Each structure stands twice: as C-alpha cells, then as structure tokens.
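Here's the structure we're looking at; comments come further down.
Because only heavy atoms are used, hydrogens play no part in the values below, and waters and symmetry mates are left out as well, while side chains stay in. Here the structure is a predicted model, which is why all the values come from computation and not from measurement.
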Amino acid sequence: MARRRSPVRKRGRGRRGARGNGVVWASAVVVVLIAVTEAVRAMGWALLLAIAVVVVVLPVAAFLVIRRMGASYRKDALRRAGLDRLDPRRFEELAAELLRRDGFRKVSVIGGAGDRGVDVLGVAPDGARYAIQCKYYTRAVGPGQVRDFVGALQARPYRDHRGVLITSHHLSAEAARTARDHDVVVIDRERLGDWLLDAYRLGPGGRSPAWLARLRRGREAAEGSPHPGP
C-alpha cells in the first residue's frame, strides 16, 4: 500500500517557501536602496537640489502666476461690467442677464416692494427653480441678511426654489457659515468675476476650472461680458 504524505510536511514546505520569497523581496529592497544611495552620491547634492527645484518649485511658481493672472482677469471683468457704478436695480438686471446666458428660462426681475426678499427668479435648464437675492453692498453681508433670505425661501411661493445670494461685496465669516448651513449658494465679488468670465456657471452642467477658463478666454471674455450701462 502506498504511503500517504503527511499534511504537516506540506504545510512546512509552504512556510519555508513563503520565508524564501520574503527573503528575496527584502534583498531586492536592500539592493534598490543601495543603488539609489550610490546614484545620489554619484550625482552630487547640487544636482539633486536642481531636480527638487524642477519638481517642486516650478509647479508652485506656475500656480502663483496663474492665480495672479486670474485675479487680473477677474478684476478687469468686474471693471468692464461697471460693477462699482451700478445701482441695486441694475445689479439685479446684471444677475438676470447672466442667468439667461447660462440657459435659464422664465428669468424675471421682481425686486421691489412686496418681493419678500427675492429679487430675481429663473428656471434652470434641468427644470429646477431658483430664487435669487441681490445685495448691492459696499460692506460685508451679515448673518442677519442671510437669515432673512432663508426665511423668505421658506415662504409658500419659494419653498421649492434653490436659494442664491449674489453680492457685490463679500459675506462675513458668520454669514458664510449661515449660508452653508442652509444650503444657500453664494456668489460674492470674486465668484461674480468668475461668472462674468464664464469660469463659473450657475445651475447644472459643466464648469470649467477657473484657471483654465481664464487662460483660455482671458481678456476676450472680459470684453464680451454683459455690462449694462452705468
């Protein structure tokens, strides 16, 4: 009768094979580390520093340059739109014009007495309804103004609308937190500049990265941006 092999011996061979593979991998890692060390010694630290500059410093410098260019384009777009020469009504009309450019339908400016805090209405290409409040301010928007807008959105005419707050200035830190807590879209001065450059788009659909849109469109976008007369 043939003798059966012991399963214990098989397991032992498996363990020895695993240990052998581990030794091979460890040896390979040691060899790679030694090769890298020798390469660094051969190249010298000066060359290694030059490589680090190319890999790290140049991308950072490029980012800063693009950021500065973007700020310049944004500032130019706001100037061409005459933002600082508008009045509250014309600011609302500018928002309505940008909505239409983004493909919104049924855009209407309703700001005035009895508007309940909503200045512009529109329907996005996907059918979502938007209620926009425009704050033409020379100071920061405070949390009280944001809470008032949230209250207006809870009224019966606007309960199914997405709230958007557009300001010619900025929001205070507390106001920004309040807007985030209530899912209110905020378009402050910087984002408004992006919107004018078509680097930002309200509603559904693709949004070009701001830096790419600024480089691609540049000052041509600023020149073609909506700018109602002052």
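Side-chain atoms of D102 do not come within 3.5 Å of backbone N or O of F104 as any donor-acceptor pair. Side-chain atoms of D119 do not come within 3.5 Å of backbone N or O of E92 as any donor-acceptor pair. For the pair Q154 (side chain) and G151 (backbone), a donor-acceptor distance under 3.5 Å is absent. Without hydrogens or angle criteria, E174 side chain to P143 main chain gives no donor-acceptor distance under 3.5 Å. Panel note: side chain R74, backbone G193; no donor-acceptor pair is recorded below 3.5 Å. With T167 contributing its side chain and H169 its backbone, the two residues share a donor-acceptor pair below 3.5 Å.
Taken to the nearest 0.5 Å, the CD1 atom of I187 stands 9.0 Å off from the CG atom of L165. A distance of 10.5 Å separates CZ of R80 from CG of L197, quoted to the nearest 0.5 Å. From L98, atom CG reaches atom CZ of R201 across 10.5 Å, with rounding to the nearest 0.5 Å. Between the CG atom in D198 and the CZ atom in R101 there is a gap of 4.5 Å [rounded to 0.5 Å]. Between L94 atom CG and I166 atom CD1 the span is 8.0 Å, to the nearest 0.5 Å.
Between A152 and G117, the shortest heavy-atom contact is CB-CA, 4.5 Å. Smallest separation of non-hydrogen atoms from G142 and S172: CA-OG, 4.0 Å. Taking every heavy atom of both residues into account, A124 and Y130 meet most closely at CB-CE1, 3.7 Å. Of all non-hydrogen atoms in L86 and A81, the two that sit nearest each other are CD2-O, 4.2 Å.
Linking ILVMFWY residues whenever their side-chain heavy atoms come closer than 4.5 Å, directly or via other members, leaves V107 and V123 in distinct clusters.
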Problem set entry | Pair L171-Q145, side chain to side chain contact (heavy atoms under 4.5 Å, CB included): steps then yes or no | CA-CA 10 Å; L171 271 67; Q145 286 82 15; over 6 Å; no

For this session: Verify side chain to side chain contact (heavy atoms under 4.5 Å, CB included) between R147 and H182, making sure each step is shown before the conclusion.
Result: CA-CA 9 Å; R147 286 192 291 267; H182 292 89; 5.6 Å; no

For this session: Start with the C-alpha distance between L153 and Q133, add both sets of side-chain angles, then the distance that settles side chain to side chain contact (heavy atoms under 4.5 Å, CB included), and finish with yes or no.
Result: CA-CA 10 Å; L153 294 172; Q133 184 178 77; over 6 Å; no

For this session: Take V146 and F149 through the side chain to side chain contact (heavy atoms under 4.5 Å, CB included) test and state the conclusion after the steps.
Result: CA-CA 5 Å; V146 177; F149 181 44; 5.6 Å; no

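A salt bridge does not link D181 to R177: none of the charged side-chain nitrogens sits closer than 4.0 Å to a carboxylate oxygen. In this structure, R162 pairs ionically with D183, as a charged nitrogen and a carboxylate oxygen lie closer than 4.0 Å. The existence of a salt bridge linking D188 and R191 is excluded, since no basic side-chain nitrogen approaches an acidic carboxylate oxygen closer than 4.0 Å.
In this structure, L121 and H161 have side chains that are in contact, with non-hydrogen atoms separated by less than 4.5 Å.
Using cut-offs of 30° and 60° for the angle between ring planes, the Y136 and F91 rings count as tilted.
Residue pairs meeting the salt bridge (Lys or Arg N to Asp or Glu O under 4.0 Å) criterion with at least one member in residues 120-129, sequence neighbours excluded: R129-D160.
Applying the side chain to side chain donor-acceptor pair (under 3.5 Å) criterion to R189, with sequence neighbours excluded, gives D84.
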